[in-house]
Amino acid sequence: ISLWKRRAFQDLGHTAVFIVGDFTALIGDTSDKDAERPMLSEAVVAKNVQTYFAQAFNILDKKKTEIYYNSKWLKKLDFHEIGKLADAFGLHEFESRENIARRMKTGRRVSLREVLYPLMQGYDSVAVKADVELGASEQKFNLLAGRTVQKLYGQEPQDIIMTAILEGLDGRKMSSSWGNVINIIEKPNEMFGKVMTLSDALIERYFALATFLSSEEIKSALSRGPRDAKFTLATEIVRLYHGDKAAQNAAAEFEKVFAAKQTPANGPVVRVGDASLSLTDLLVAVKLASSKSEARRLIEQGGVRVNEVRKTDPHETISLERAVLLQVGPRRFVRVKT
């Protein structure tokens, strides 16, 4: 959501500043967490960075974007400078943050490292001389910290714009481990199918936050009932990231697979070297699950089918002497052969 807001600024003639938090990521931000985040290694951060640009430039205009890595300036800060930054904030301000207060009340650990994060993000605003900083609403403290730190360094305090937080498909916070996330770089059919699994209670919110349809168009779509409304929503979301043709094809494929109860045309074929595998190992082998624990969870929750038959035993052996159709969730199909 905040990336699309940045794009709106670009379309109005502004330059977007994209800061890769390769240094702050080492520390970790707990603004939206109920527990302390572990410190990340530089190797892990470097690996994660590779995915940032693929996502961001699916929305931002690269020609109107400046890119910085905040290690460039944060690595240079000495203890004297950090002390100067820390003096601009009171501990009571940090303790008043909702998630921090809740953890302290229940006796859960809050590290001093976490206190440093807003200082570092605030210094980012100084380093790039930010006019406006955008972020989700749970970032309020960090965004305001930028104003405080800019005053300390004699700069005009930035304006801030806070955007809403979009819930996951099931109404909970978005989490890859819960499988309720739509990634903006997903393939059209996958994206379309995931939108169609959206909780009915969230349809209007997704229209408002994830599309550019007018209020009149949204009202019209909602009047046609949840299923048709989600079909319009899915089409609009796929169009945003993949274009008109891909959206039309994804819509047609969804109708064919689910309305006509057909298996997807030209689905991917994956070959494995074993004549048989446990269902858990098979899901990992064909990359429909990232780990055995995720595979077991998917199976036990009833989200896995083999040749259109639901499977619930993670240890069941699947014979691969003949090709099988393996399905995870509503939209992920793979034909498996030896």
Side-chain angles (χ1 to χ4, degrees), residues 1-25 27-33 52-53 55-74 76-77 81-82 84-100 114-167 174 184 205 208-212 214-215 240:
I1 297 169
S2 62
L3 282 172
W4 279 115
K5 187 60 66 177
R6 284 169 173 80
R7 178 57 188 259
F9 269 84
Q10 289 182 318
D11 291 343
L12 291 168
H14 296 272
T15 298
V17 177
F18 187 80
I19 298 177
V20 178
D22 61 328
F23 195 86
T24 43
I27 304 299
D29 180 22
T30 53
S31 295
D32 62 342
K33 301 294 180 184
Y52 298 163
F53 297 122
Q55 297 174 70
F57 293 121
N58 213 19
I59 295 174
L60 296 179
D61 183 342
K62 193 171 184 178
K63 295 179 181 178
K64 298 179 181 178
T65 305
E66 294 179 1
I67 301 171
Y68 298 94
Y69 291 79
N70 65 11
S71 59
K72 180 179 179 180
W73 49 79
L74 291 178
K76 296 177 182 178
L77 295 183
E81 201 71 22
I82 294 170
K84 178 182 175 181
L85 285 167
D87 196 46
F89 298 87
L91 187 58
H92 67 285
E93 296 173 273
F94 186 78
E95 292 176 333
S96 67
R97 302 172 70 180
E98 183 180 352
N99 67 325
I100 298 298
E114 295 175 71
V115 181
L116 298 177
Y117 191 94
L119 277 62
M120 293 189 295
Q121 184 170 324
Y123 193 84
D124 286 348
S125 295
V126 171
V128 300
K129 298 181 173 60
D131 298 308
V132 182
E133 185 173 6
L134 295 91
S137 55
E138 89 270 357
Q139 287 283 316
K140 180 180 179 181
F141 187 89
N142 295 341
L143 296 168
L144 290 172
R147 291 174 56 85
T148 299
V149 176
Q150 283 181 309
K151 290 178 187 176
L152 184 66
Y153 286 85
Q155 293 183 10
E156 185 72 22
Q158 65 188 12
D159 292 319
I160 65 172
I161 294 179
M162 292 186 294
T163 54
I165 301 171
L166 190 62
E167 297 84 356
M174 282 195 180
I184 63 175
R205 186 164 174 80
L209 298 177
T211 79
F212 289 100
S214 67
S215 56
L240 267 180

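We number each residue from 1, following the sequence as shown.
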Hey, is the main chain of [Y] close enough, under 3.5 Å, to the side chain of [X] for a donor-acceptor pair?
| X | Y | result |
| --- | --- | --- |
| Arg6 | Ser2 | yes |
| Asn142 | Gln121 | no |
| Gln150 | Ala130 | yes |

Quick one: closest heavy-atom pair of [X] and [Y], and the distance?
| X | Y | value |
| --- | --- | --- |
| Ala145 | Pro118 | CB-O, 3.6 Å |
| Tyr153 | Lys84 | CE2-NZ, 4.0 Å |
| Phe18 | Ala56 | CE1-CB, 3.6 Å |
| Asp61 | Gln10 | N-OE1, 2.9 Å |
| Met162 | Leu143 | CG-CD1, 3.6 Å |
| Leu240 | Ala210 | CD1-O, 3.4 Å |

Sequence neighbours excluded, which residues qualify as side-chain hydrogen bond (donor to acceptor under 3.5 Å, both in side chains) partners of Thr211? none
Tell me, please, which residues at least two apart from Asp87 pass salt bridge (charged side-chain N to carboxylate O under 4.0 Å, His left out). none
Those residues at least two apart in sequence (or on a different chain) that pass salt bridge (charged side-chain N to carboxylate O under 4.0 Å, His left out) with Arg7 are Asp11
Distance check, rounded to the nearest 0.5 Å: [X] atom [atom1] versus [Y] atom [atom2]?
| X | Y | atom1 | atom2 | result |
| --- | --- | --- | --- | --- |
| Met120 | Ile82 | CE | CD1 | 8.5 Å |
| Lys5 | Ile161 | NZ | CD1 | 6.5 Å |
| Phe89 | Leu119 | CZ | CG | 5.0 Å |
| Leu166 | Met174 | CG | CE | 4.5 Å |
| Arg147 | Leu152 | CZ | CG | 14.5 Å |
| Thr148 | Glu93 | OG1 | CD | 7.0 Å |

Does the pair Asp124 and Leu74 meet the rule for a side-chain contact (heavy atoms from CB on, under 4.5 Å), with working shown? CA-CA 8 Å; Asp124 286 348; Leu74 291 178; 4.0 Å; yes
Residue set satisfying ring-ring contact (aromatic ring centres under 6.0 Å, His included) with Phe212, at least two apart, ordered chain then number -> Trp4
With sequence neighbours excluded, give me every side-chain hydrogen bond (donor to acceptor under 3.5 Å, both in side chains) pair touching residues 156-165. Ser125-Gln158, Glu133-Gln158
Is any side-chain heavy atom of [Y] closer than 4.5 Å to one of [X]?
| X | Y | answer |
| --- | --- | --- |
| Asn70 | Tyr123 | no |
| Val126 | Trp73 | no |
| Asp131 | Phe9 | no |
| Leu85 | Leu77 | yes |
| Tyr52 | Asp22 | no |

Enumerate the ring-ring contact (aromatic ring centres under 6.0 Å, His included) contacts for residues 124-150, please, sequence neighbours excluded, ordered by first and then second residue. none
